[in-house]
Number of protein chains: 2
Amino acid sequence: MRDRTSSVARAGRSPAAASLDLVCCSAEHRRLVVAVDVAARGPASIPWQALDPSVGLDAAAARLARERLGRAPAWIAALGAFGDQRKHPSQAALSVGYVAVVPMGTAAPVGMVWADVTDLPALPARQAAMVTAAVSALRDRMDLVPIAFRLLPSEFTLSELQEMYELLLGRRLHKASFRRALQGAYLVEPTDSWRSEGRGRPAQLFRYAPRRRRGHRRSVRFELLT
Amino acid sequence: MRDRTSSVARAGRSPAAASLDLVCCSAEHRRLVVAVDVAARGPASIPWQALDPSVGLDAAAARLARERLGRAPAWIAALGAFGDQRKHPSQAALSVGYVAVVPMGTAAPVGMVWADVTDLPALPARQAAMVTAAVSALRDRMDLVPIAFRLLPSEFTLSELQEMYELLLGRRLHKASFRRALQGAYLVEPTDSWRSEGRGRPAQLFRYAPRRRRGHRRSVRFELLT
DNA sequence: GACTTTAGTAGCTAGTCGATACTTATTAGG
DNA sequence: CCTAATAAGTATCGACTAGCTACTAAAGTC
């Protein structure tokens, strides 16, 4: 009985001091999507609960994800604190956001739908800001953390992997260069399986299996935008 | 009268629901340093205040920085929410952290000292975690945001700039490569001044003056650590 | 069996990165 | 004054990288 309703509407007490919100991302039809709750009466929202001060933030977020998704996310990370936008279903002045990722093909839990991040339903302002921040976080961290791999099933073709990178980067990549870089990074290993999907030559399936490689330190990059 | 004492110790009321904390970084003697409050009775701490729900987070952090540093920071950004460590001077269950940067050479405000981040005094656990996160944030964002330039005075030599990058990266850089990359980025412009400091040839002074350059998209990097 | 489609590879070229080695300008010291 | 020392700044070379065009391979379609 530790769900949203019981925490917030617990009689006439004042609303919780803070909320914990989850932006759960996945991919579908070559689109980045986010889990949106449409079952409840009232407007759409992303999963949230009142923040329980007696539980650690990371643990609470992991549990919220498990409860609302029906499975442990493939990846989860803190997004930050949000309070500059006033509107939030909890009425709390402060919200703590987390991003999670589940593999593409995961069915949306009952009462929820996968919404294209470029075409979201109307969300409370603070939650909309969290979704924007989550997408940026995925893009920013994708080459430090294996986010693209978490968005794929455990076995995948190199073309699928490249498509996922293209989706996250928002631009096309060159096939040969992509594979050369991937080879040099020792991140995947081939399986014995092949997948033939309609036309064309069948593709070999790979799995994510990073090997320790010598610490090739990257050079200074002046990518300053402003 | 909007300082820490009045907010927290305001009679017998319960402690604030959340605190706002500031990790203010600078550089000194080729070391990254952070502003630590040592004046108050009790153990050392970094600046903080009870979070006022009626003010926006960013605005409140900017004001906290101005008030406690005596000047506007050269850069400030959100760090995130912290609640997994229990110990915090406010007793609040939740804290929101911000990182700020002031140029090297800025005098420490009264009651505060610059403490080497690699040799910190004992801080409340949650604040110590914030300092660690702040240093990581500076390192992670330094090539997207001009953090090194904000840590320097408005005019600087290229050797000083390189030292600052080396400080943030934690490793030595090659002089010619560094300057070549800098040149290609169109980030600095020379001034008419030269600085001769003891021995050796005088160095020309530069200022940060980024020019729009064509959007040279960077290639995919597989820097995955795990 | 020719054509289409997709997977995967090879080789060329332009540019990048780091090293060594050099020139220039100043102070220190005889 | 002349030389050594020190630090700023430049030039050039070779290894490596990234992206391009073009190719081969294996399946389905007609």
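Fair warning: this is a prediction, and the values are worked out from it, not measured in the lab. Order of the sequence lines fixes the chain letters, A, B, ..., with proteins taken first and strands second; residue numbering starts at 1 for each chain.
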Please report the distance, rounded to the nearest Å, between [atom1] in [X] and [atom2] in [N].
{"X": "A/Gln183", "N": "D/dT17", "atom1": "CD", "atom2": "C1'", "result": "15 Å"}
{"X": "A/Trp194", "N": "D/dA25", "atom1": "CH2", "atom2": "P", "result": "13 Å"}
{"X": "B/Leu205", "N": "D/dG9", "atom1": "CG", "atom2": "C1'", "result": "15 Å"}
{"X": "A/Leu158", "N": "D/dA25", "atom1": "CG", "atom2": "P", "result": "19 Å"}
{"X": "A/Glu160", "N": "C/dG8", "atom1": "CD", "atom2": "C1'", "result": "15 Å"}
{"X": "B/Arg195", "N": "D/dG9", "atom1": "CZ", "atom2": "C1'", "result": "16 Å"}

Within the distance-only criterion (no hydrogens, no angle test), does the side chain of [X] pair as donor or acceptor with the backbone N or O of [Y] below 3.5 angstrom?
{"X": "A/Glu160", "Y": "A/Leu152", "value": "no"}
{"X": "B/Glu28", "Y": "B/Met104", "value": "no"}
{"X": "B/Ser26", "Y": "B/Val102", "value": "yes"}

Closest-nucleotide ordering on DNA chain C, the 5'-leading residue of A/Ser159 and B/Ala181: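 Closest to the 5' end, via its nearest nucleotide, is A/Ser159.
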What nucleotide among [options] has an atom nearest to a side-chain atom of [X]?
{"X": "A/Ser219", "options": "C/dG18, D/dA8, C/dG11", "answer": "C/dG18"}
{"X": "A/Gln204", "options": "D/dG9, C/dG8, C/dC17", "answer": "C/dG8"}
{"X": "A/Arg221", "options": "C/dA7, C/dC17, C/dA25", "answer": "C/dC17"}

B/Leu22 and its side-chain contact (heavy atoms from CB on, under 4.5 Å) partner, picked from B/Leu64, B/Leu79, B/Val34: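 With B/Leu22 as partner, side-chain contact (heavy atoms from CB on, under 4.5 Å) holds for just one option, B/Leu64.
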[X] vs [N]: side-chain N/O to OP1/OP2 distance below 4.0 Å:
{"X": "A/Arg201", "N": "C/dT5", "answer": "no"}
{"X": "B/Arg199", "N": "C/dA28", "answer": "no"}
{"X": "A/Ser196", "N": "D/dA27", "answer": "no"}

Test: A/Arg68 and A/Asp37 ion pair at under 4.0 Å: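 Salt bridge: yes.
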Salt bridge present between A/Glu189 and A/Arg207 (N-O < 4.0 angstrom):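 Between A/Arg207 and A/Glu189 there is a salt bridge, with a charged N closer than 4.0 Å to a carboxylate O.
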B/Arg180 (side chain) and C/dG18 (base): donor-acceptor pair under 3.5 Å: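 Yes, a donor-acceptor pair under 3.5 Å.
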Of B/Phe206 and B/Val220, the one whose closest DNA chain D nucleotide lies more 5':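 Between the two, 5'-proximity favours B/Phe206.
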Proximity of B/Phe222 and A/Phe178 rings by center, below 6.0 Å: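 Distance test on ring centres: under 6.0 Å, yes.
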Nucleic acid contacts of residues 171-178 of chain B, taken as heavy-atom distances under 4.0 Å to DNA chain D: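 When residues 171-178 of chain B is checked for heavy atoms under 4.0 Å from DNA chain D, the hits, listed by number, are B/Lys175, B/Ala176.
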Sugar-phosphate, base or nothing in reach of A/Glu197, heavy atoms under 4.0 Å: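 Nothing, no heavy atom under 4.0 Å.
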